[in-house]
Amino acid sequence: MSYEILYGEVRKALKEVIPSEDEFYLEKPLLEEHGDVATTIAFKLAKKIKKNPLEIANEIYSKLIQIKEKYPLIKEIKVINGYINFYVNEKLFTKLVIEEILSKRKEYGKINLGNGKKVLIEHTNTNPNKAIHIGHSRNTCLGDSLSRILKFVNYNVYTLNYIDDTGSQMADIILGFTKLGFPLESQIRFDKYCGDHIYVKVNELYETNKELLVEKQKIIKEIDSQSTEIAEFTRNIARKVLYYQLQTCLRLGAYFDLINWESDIVRFNLLKRTLQILDEKRIITKETEEENKGCIVIKSKLIKGHEKETDQVIIRSDGSSTYLAKDIAYAFWKLGIIKDEFKYKFNKEYPIPCYETDIEGNEDIKFGGADLAISVIDVRQTRLQDVIKSIISLVGGEEMAKRYIHYKYELVALSNKAAKELGYHTESKIVHMSGRKGIYFNTDDVLDKLKEKIKQIVKKNNPEKDEKWVEEISEKVAVSALRYALLKLDNDKVLVFDFDETLRLEGDSGVYVLYSYVRTKGILRKVREFKIGNYEEYIPNDMEVKIIKKLAWFTEAVKIAAQNLQPQIIIIYIRDLCDLFNSYYEKYPVINSEEPARSFRIILVECVSQVLENAMNLVGMTPVEYL
RNA sequence: GCCCUGGUAGCUCAGCUGGAUAGAGCGACGGCCUCCUAAGCCGUAGGUCAUGGGUUCAAAUCCCAUCCAGGGCGCCA
């Protein structure tokens with residue numbers, strides 16, 4: 001907020017001097033010597049009135065200097081290279097920042113961007129036939145962090161996990177149970193059992209036994225009908241796998257408000273309603289000849305940007321619906337194009353207790369009809385998501401389509417070395433994961449391995465603590481380290497996973513962040529008995545001022561992260577703050593310094609600690625007191 | 001073939017949407033524990049921002065072309 005106040009003052013001062021302008025192009029200079037706020041207004045005006053920018057800057061400057069006294073946060077103004085640079089009154093600024101952090105505490109950084117608007121965030125969406133692997137977890141971490149950030153800026157957020165219990169991957173394991181004699185019980189955790197053993201094995205068998213593919217088609221049809229014994233059986237298997245997937249999500253610190261069963265889109269007639277609307281709007285066509293004979297399709301000419309591609313089949317010639325058809329219905333439900341026909345039941349049995357769609361549900365709650373629908377789905381589905389957006393636009397107009405966001409991110413792949421560990425040998429630098437071929441790392445396994453590594457160090461650092469204590473700390477650190485690693489990369493970059501490279505314990509890592517936080521806590525633990533003197537008497541040194549400014553910047557980081565839907569902004573912020581704090585920590589003693597420096601420094605450390613905690617929360621990292 | 005995305009230090013990546021002298025981590029080299037946790041800190045070396053053109057006061061950032069890498073173009077999801 002402090003930056004808001006400073007920016008506000010600068011804007012007001014500029015407006016007073018240049019009443020004709022409304023936009024002042026404020027920015028934060030990269031170099032300290034260029035002050036705290038800069039404006040490029042002189043360049044903009046130069047273009048407009050065809051005058052030398054330097055001359056204009058000087059004119060503005062001479063006017064500004066006369067009214068400067070009215071703006072207490074502005075200490076100094078300079079013109080450098082045509083920029084007008086403002087320097088903050090550091091003493092006053094410091095006071096404002098500290099007071100704000102200490103009064104707001106956990107609330108510090110909260111701003112109102114959302115006005116309580118309803119947002120649905122769909123994430124994770126792992127097929128219920130396997131355990132969650134690190135690729136899925138990138139999705140979970142992004143979606144969960146987004147939901148935390150948007151909540152923080154006053155959106156009314158609901159998180160959804162869309163479970164495809166009707167698709168072909170589901171049929172693969174059902175085939176395993178019903179035709180290939182895999183027992184229903186196993187010593188292995190059920191999600192891993194289905195994914196690591198049955199799914200991989202069944203896909204292997206398809207290679208040699210084509211009959212099985214025929215059986216699979218039968219099963220798909222039975223599942224789709226939703227009325228047979230197989231359909232019932234499938235639902236139970238899916239629910240059991242989901243149970244363990246949710247355990248993994250819980251371990252990662254993610255939560256859900258609602259499980260959307262894809263089969264319920266059909267069962268609750270959402271698909272039927274959707275098809276009616278598409279038919280009324282003449283968006284779908286029943287093909288009577290050529291290759292899509294008997295199918296209901298969307299003509300490609302209707303799809304913006306994909307006019308030259310093939311038509312989209314949404315109902316197959318056998319009458320079954322494609323994934324796309326259900327996804328359109330799902331999107332319509334999210335945006336309120338169709339009424340919320342679902343029934344919901346609260347399921348407290350899940351590791352993450354939450355609602356789920358259920359034919360016998362009777363809870364008095366409605367999730368559909370949101371102001372904004374964000375779907376966290378990897379880049380491979382870009383085209384399908386484009387199709388959905390085009391259709392929304394045709395049905396509800398451009399404005400409505402803007403409320404549907406495909407939040408895309410690149411895949412997690414494996415390094416050549418990592419693939420080799422799984423017994424997959426190749427020349428290529430990166431290897432894409434594949435559930436079918438068994439080329440993947442399950443998130444729980446990765447976390448367990450990471451935890452073991454961390455445990456050794458925690459034990460060494462805290463020899464007096466017992467096993468349980470070490471275990472708890474190590475678990476939190478492992479999860480935070482994984483979240484950090486999965487979040488720090490930009491969404492449009494492929495994350496090449498390699499255990500040792502990706503999950504480093506030093507440098508730009510989650511462990512480094514926690515270590516920095518632990519240092520703040522170490523100091524604060526020791527000063528509990530000290531009485532805090534009047535810290536305002538102290539004049540902060542350069543490094544302290546830098547930290548204060550960084551602390552103040554948190555609100556801006558939150559704003560940018562929320563507006564651009566970029567949790568990475570928070571990660572970068574956290575790292576920057578840790579870097580500053582660690583340098584400071586090495587250079588200046590806190591407890592052993594003289595008053596009033598000591599009081600000030602204790603307060604400063606308190607603030608760093610608090611802001612780090614708030615920031616970590618936004619990306620789902622768990623602060624620990626010891627390491 | 002068509003469409004989309006990426007290419008910044010040896011490696012992995014930032015660079016706040018057009019601004020001032022392009023920054024971190026890892027790796028390499030040299031230092032720092034009598035002192036709040038050395039999973040840390042300080043210093044050195046390392047760059048034709050893939051290439052070529054363009055737009056303008058100003059380009060890593062925008063436009064065009066080319067090259068390289070990845071993805072998408074199913075009655076799969």
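Keep in mind that this is a model prediction, so the values were computed, not measured. Side-chain atoms are counted along with the backbone in the values below, which use heavy atoms only and exclude waters and symmetry mates. Numbers restart at 1 for each chain; the letters A, B, ... are given by sequence-line order, proteins then strands.
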If I pick the [atom1] atom on [M] and the same atom on [N], what distance separates them, to the nearest angstrom?
N: U44(B); M: U51(B); atom1: C1'; result: 32 Å
N: G18(B); M: C63(B); atom1: P; result: 10 Å
N: G70(B); M: A9(B); atom1: C1'; result: 23 Å

Q. Going by an N to O cut-off under 4.0 Å, is there a salt bridge joining E32(A) and K546(A)?
A. yes

Q) Can we say E625(A) and R525(A) salt-bridge, meaning some charged N sits less than 4.0 Å from an Asp/Glu carboxylate O? A) yes

In whole angstroms, how far is the [atom2] atom of [N] from the [atom1] atom of [X]?
X: Y512(A); N: G25(B); atom1: OH; atom2: P; value: 8 Å
X: L489(A); N: C11(B); atom1: CG; atom2: P; value: 16 Å
X: Q563(A); N: U17(B); atom1: CD; atom2: P; value: 10 Å
X: F554(A); N: C16(B); atom1: CZ; atom2: C1'; value: 16 Å
X: N203(A); N: A77(B); atom1: CG; atom2: P; value: 15 Å

Taking any strand in view, what nucleotide pairs with [N] in a Watson-Crick or G-U wobble way, both distances under 3.5 Å?
N: C2(B); value: G72(B)
N: G40(B); value: C32(B)
N: U48(B); value: none
N: U55(B); value: none
N: U61(B); value: none
N: A20(B); value: none
N: C67(B); value: G7(B)

Q | Candidate nucleotides A39(B), C41(B), A77(B), ranked by approach to the side chain of V458(A) - the nearest | A | A39(B)

Q) Is there a side-chain polar atom (N or O) of S583(A) under 4.0 Å from OP1 or OP2 of C42(B)? A) yes

Q | B/S/- contact track for nucleotides 68-76 of chain B, protein heavy atom under 4.0 Å | A | --SSSSSBS

Q: Summarise protein proximity over nucleotides 28-38 of chain B in one line of letters, 5' to 3': B for base, S for sugar-phosphate only, - for none, counting protein heavy atoms closer than 4.0 Å.
A: --------BBS

Are there any protein N/O atoms within less than 3.5 Å of an N/O atom in nucleotides 20-24 of chain B, and if so, which ones and at what distance?
{"from": "A20(B)", "atom 1": "N6", "to": "N85(A)", "atom 2": "OD1", "distance (Å)": "3.2"}
{"from": "A20(B)", "atom 1": "N1", "to": "N85(A)", "atom 2": "OD1", "distance (Å)": "3.3"}
{"from": "A20(B)", "atom 1": "N1", "to": "N85(A)", "atom 2": "ND2", "distance (Å)": "3.2"}
{"from": "A20(B)", "atom 1": "N3", "to": "H34(A)", "atom 2": "NE2", "distance (Å)": "3.4"}
{"from": "U21(B)", "atom 1": "O4", "to": "E33(A)", "atom 2": "OE2", "distance (Å)": "3.0"}

Q) What's the base orientation of U17(B): syn (chi within 90° of 0) or anti? A) syn

Q: Drop me the distance from H133(A)'s NE2 to M433(A)'s CE, to the nearest 0.5 angstrom.
A: 4.5 Å

Q | CZ on F581(A) to OG1 on T520(A), rounded to 0.5 Å | A | 5.5 Å

Assign [X] to base, sugar-phosphate, or nothing according to its heavy-atom contacts below 4.0 angstrom with the strands shown.
X: K493(A); value: sugar-phosphate
X: I560(A); value: sugar-phosphate
X: K216(A); value: nothing
X: D490(A); value: sugar-phosphate

Q | Validation row, ring centre Y162(A) to ring centre W261(A) under 6.0 Å | A | no

Side chains of [X] and [Y] only: does a donor on one sit below 3.5 Å from an acceptor on the other?
X: Y409(A); Y: D492(A); answer: no
X: Y484(A); Y: R575(A); answer: no
X: K326(A); Y: T274(A); answer: no
X: R483(A); Y: S145(A); answer: yes
X: N161(A); Y: T124(A); answer: no

Close side-chain approach of [X] to [Y], heavy-atom, < 4.5 Å:
X: D327(A); Y: Q385(A); result: yes
X: F43(A); Y: Y25(A); result: no
X: K550(A); Y: Y573(A); result: yes

